[in-house]
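Have a look at the structure below, then the notes.
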2 protein chains.
Amino acid sequence: MVTIADVARHAGVSPSTVSYVLSGKRAISAATRERVEASIKALGYHPHAGARALASSRANVVALVLPLRTDMHVPILLQIAMAIVTAARGHDHDVLLLTNDEGVEGLHRVTRSALVDAVVVMDVELHDPRVPVLRELGLPSVLIGFPADSAGLTCVDLDFAAAAGMCVDHLADLGHTAVALVGPPAGVLERGTGFARRTVAGFEEAAARRGLRAVVRSCEPSHEAVQATAKELVAEHPEVTGLVVHNEPAVPPLLQALRELDVAVPRDMSVVALGPKELAAQVTPAPAMVPIPAEEMGRRAVELLMDKLNGRDVPDATLIPPSLLPGHSTAPPPSRT
Amino acid sequence: MVTIADVARHAGVSPSTVSYVLSGKRAISAATRERVEASIKALGYHPHAGARALASSRANVVALVLPLRTDMHVPILLQIAMAIVTAARGHDHDVLLLTNDEGVEGLHRVTRSALVDAVVVMDVELHDPRVPVLRELGLPSVLIGFPADSAGLTCVDLDFAAAAGMCVDHLADLGHTAVALVGPPAGVLERGTGFARRTVAGFEEAAARRGLRAVVRSCEPSHEAVQATAKELVAEHPEVTGLVVHNEPAVPPLLQALRELDVAVPRDMSVVALGPKELAAQVTPAPAMVPIPAEEMGRRAVELLMDKLNGRDVPDATLIPPSLLPGHSTAPPPSRT
DNA sequence: GTGAAAGCGCTAACAG
DNA sequence: CTGTTAGCGCTTTCAC
């Protein structure tokens with residue numbers, strides 16, 4: 001193995017000088033710096049991570065706690081996770097992947113053993129058992145999502161309430177007067193997943209503000225369930241001419257179901273989706289949508305973490321403002337004749 | 001921080017004794033062991049990962065290289081990744097997550113810096129640039145998937161050829177005489193993804209062996225493409241009464257398309273799917289399928305890695321035998337009257 | 001602007 | 001069966 005001493009010898013300097021060239025923690029003459037950097041390259045030197053962690057008490061690794069639930073939309077989860085890895089690398093950190101089945105104990109372990117020096121927790125629930133642990137962990141953490149009590153925690157998420165409101169506003173602006181929300185499976189709501197509730201709240205609030213009639217439905221992602229929901233909505237709420245869909249896998253079968261019911265999109269029914277932007281390419285007509293900014297969520301989470309690691313103050317809540325991507329799935333409501 | 005010296009003092013023994021209790025590398029009297037373990041628990045001691053790595057030159061961390069391509073079925077990727085984490089934890093190892101956009105350089109970095117002591121590479125292509133690097137890395141690695149030249153490498157994968165063959169045999173056993181394979185998007189094949197090609201080969205080989213007429217189609221996952229494929233197959237190959245689908249997201253729209261074409265499943269058309277077993281619960285009729293054993297793939301990969309880390313010999317190729325899960329999507333072909 | 005040297009916490013000889 | 005001790009490779013005072 002190539003050590004810092006090898007580099008020092010090769011460059012004709014002391015090990016500490018090599019260390020300082022690497023860390024930039026003190027001024028080095030240009031000549032020395034160049035010699036050292038040349039030696040580093042020539043020898044293919046990479047500092048030993050363990051030794052560095054031991055001496056500096058900084059592992060330069062962040063933990064990513066990633067629960068795997070079947071009712072979450074997995075591609076988004078992975079997109080966020082990968083964005084976190086990429087962003088962390090940009091700050092010279094690596095990412096250790098933790099599942100939740102080791103439980104809260106896993107957090108204690110990687111923390112106490114100084115394997116990591118910060119933690120990102122994904123898919124946070126309202127009453128998440130990991131939250132109290134984070135508070136007492138004594139090292140920086142960022143949550144993706146909001147628990148019921150987020151006091152003293154740093155949380156990042158899309159502003160789902162505003163996103164739902166934006167969808168409603170879009171429909172209201174087009175002249176719709178009755179709208180429905182097709183939400184995630186009931187289980188997601190019951191489990192107390194914050195974003196699902198915030199979407200519902202934002203939807204209802206915006207509808208009230210705009211004076212629209214509003215209907216809310218949960219929906220399992222199976223083809224049958226979606227079909228049934230569509231049929232019900234059309235039958236029981238013929239006044240509804242605009243749909244907000246916050247349930248990624250339901251979008252293709254929903255459009256299909258509407259087609260079968262002879263409800264043309266967007267002529268008879270406008271549809272706005274809340275989901276990964278890839279969705280737009282997968283169905284016809286390409287839906288108007290509020291994309292879930294996975295990359296930005298990951299990046300912001302890491303930036304907050306780095307700020308905390310560097311002793312900077314950070315805001316408790318980071319709500320990423322939504323944006324509406326135009327599509328071909330919305331139009332003014334059919335005129336009542 | 002609680003150190004090994006603190007534990008030693010608390011238990012009235014030397015630090016090395018604590019170390020040996022932890023590692024089990026030499027005999028310890030029951031009395032001493034108990035005292036030490038009690039102290040460890042009492043103080044909440046966790047060995048410092050960096051210090052341990054430095055002294056033992058074993059980081060107890062494996063790298064997981066996870067490319068994120070949109071044309072791969074993401075949920076399966078994540079299932080395998082999580083299985084790897086769980087399995088690694090069972091062997092007292094953690095998992096460092098690497099993306100591929102740091103490139104091959106990332107492998108060098110985590111390896112040279114002794115951040116990890118083994119590597120798992122997922123979603124291997126036939127001519128994968130990571131493969132030559134793995135050969136020269138000088139530390140244990142396992143690939144999930146097979147490159148074109150797997151000599152000297154340790155690879156794990158589902159036996160896709162056998163899986164496709166199993167699907168064909170199932171259809172042949174029911175009396176079908178003409179079958180079609182609806183495969184993944186053309187891009188996956190062109191990119192040289194091994195498993196896609198092995199499925200096609202296994203499909204054709206089995207069809208030939210059983211004397212069946214065989215048709216092969218690539219298919220994009222979009223609703224329209226699937227619909228077009230279904231229409232084409234039915235129109236151009238009316239003799240085909242059995243479908244093997246190796247394209248997870250295409251299954252729901254394919255069944256839907258068949259319904260629209262008045263082709264009843266399984267009365268007029270039998271369908272066997274190759275994909276995650278969760279698929280069975282999502283569509284009606286629940287398809288007969290060969291599930292992709294994500295958990296087993298992850299577990300086997302880690303077991304092989306641990307064997308290599310412990311100097312044991314391991315087989316080059318591990319092909320996991322497929323199994324056929326019964327469903328309600330297959331039946332004898334309609335009798336020609 | 002640079003060097004010398006004292007640890008960081010642990011493992012693994014070596015010694016008994 | 002247990003203790004003593006010399007590093008592992010790096011960072012960071014302290015000294016010049």
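We name chains A, B, ... by the order of the sequence lines, and we start the count at 1 in each one. No experiment lies behind these values; they were computed from the predicted model shown.
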- prompt: B:Asp6 has an atom CG; how far is it from atom C1' of C:dC8, in whole Å?
  reply: 13 Å
task: Not counting sequence neighbours, which residues clear side chain to side chain contact (heavy atoms under 4.5 Å, CB included) with B:Ala5? List them please.
output: B:Thr3, B:Arg9
query: With respect to the side chain of B:Arg52, which nucleotide from C:dA13, C:dC8, C:dC10 is positioned closest?
result: C:dC10
field: Atom-to-atom span, NZ of B:Lys25 to C1' of C:dC14 - whole angstrom
entry: 16 Å
message: Under a plain distance cut-off of 3.5 Å, with no hydrogens placed, do B:His10 and B:Ser39 share a side-chain donor-acceptor pair?
response: yes
field: Taking every non-hydrogen atom, the tightest pair across B:Arg135 and B:Asp149
entry: NH2-O, 2.9 Å
- prompt: Counting only side-chain N and O atoms of B:Ser23, is one of them less than 4.0 Å from OP1 or OP2 of C:dA12?
  reply: no
- prompt: For A:Thr17, which contact category applies under a 4.0 Å heavy-atom criterion: base, sugar-phosphate, or nothing?
  reply: sugar-phosphate
- prompt: Which residue, A:Tyr45 or B:Arg35, contacts DNA chain D at a nucleotide closer to its 5' end, judged by nearest heavy atom?
  reply: B:Arg35
query: Closest heavy-atom contact between A:Leu54 and B:His48?
result: CA-CE1, 4.0 Å
- request: Mind checking A:Ser19 for me? I need base, sugar-phosphate or nothing, with any heavy atom below 4.0 Å counting as a touch.
  value: base
message: Can you give me the first and the last nucleotide of DNA chain D (5' to 3') that has an atom within less than 4.0 angstrom of a non-hydrogen atom in chain B?
response: D:dC1 to D:dG9
task: Mind listing the closest non-hydrogen atom pair of A:Val124 and A:Arg130 along with its distance?
output: CA-NH2, 3.8 Å
query: Side chain of A:Arg9, base of C:dG3: donor and acceptor closer than 3.5 Å?
result: no
- prompt: How close or far is atom P of C:dA12 from atom CZ of B:Arg58, stated in whole angstroms?
  reply: 10 Å
- prompt: Is there side-chain contact between B:Val2 and A:Arg112, with heavy atoms separated by less than 4.5 Å?
  reply: no
- prompt: How many Å lie between OH on B:Tyr20 and P on C:dA12, as a whole number?
  reply: 7 Å
message: When you compare the side chains of B:Ser19 and B:Ser16, does any donor N or O come within less than 3.5 Å of an acceptor on the partner?
response: no
Of B:Pro15 and B:Leu54, the one whose closest DNA chain D nucleotide lies more 5': B:Pro15
query: Using a cut-off of 4.0 Å on non-hydrogen atoms, how would the nucleic acid contact of A:Ser16 be classed: base, sugar-phosphate, or nothing?
result: base
message: What is the separation between atom CG on B:Leu43 and atom P on C:dG9, rounded to the nearest whole Å?
response: 14 Å
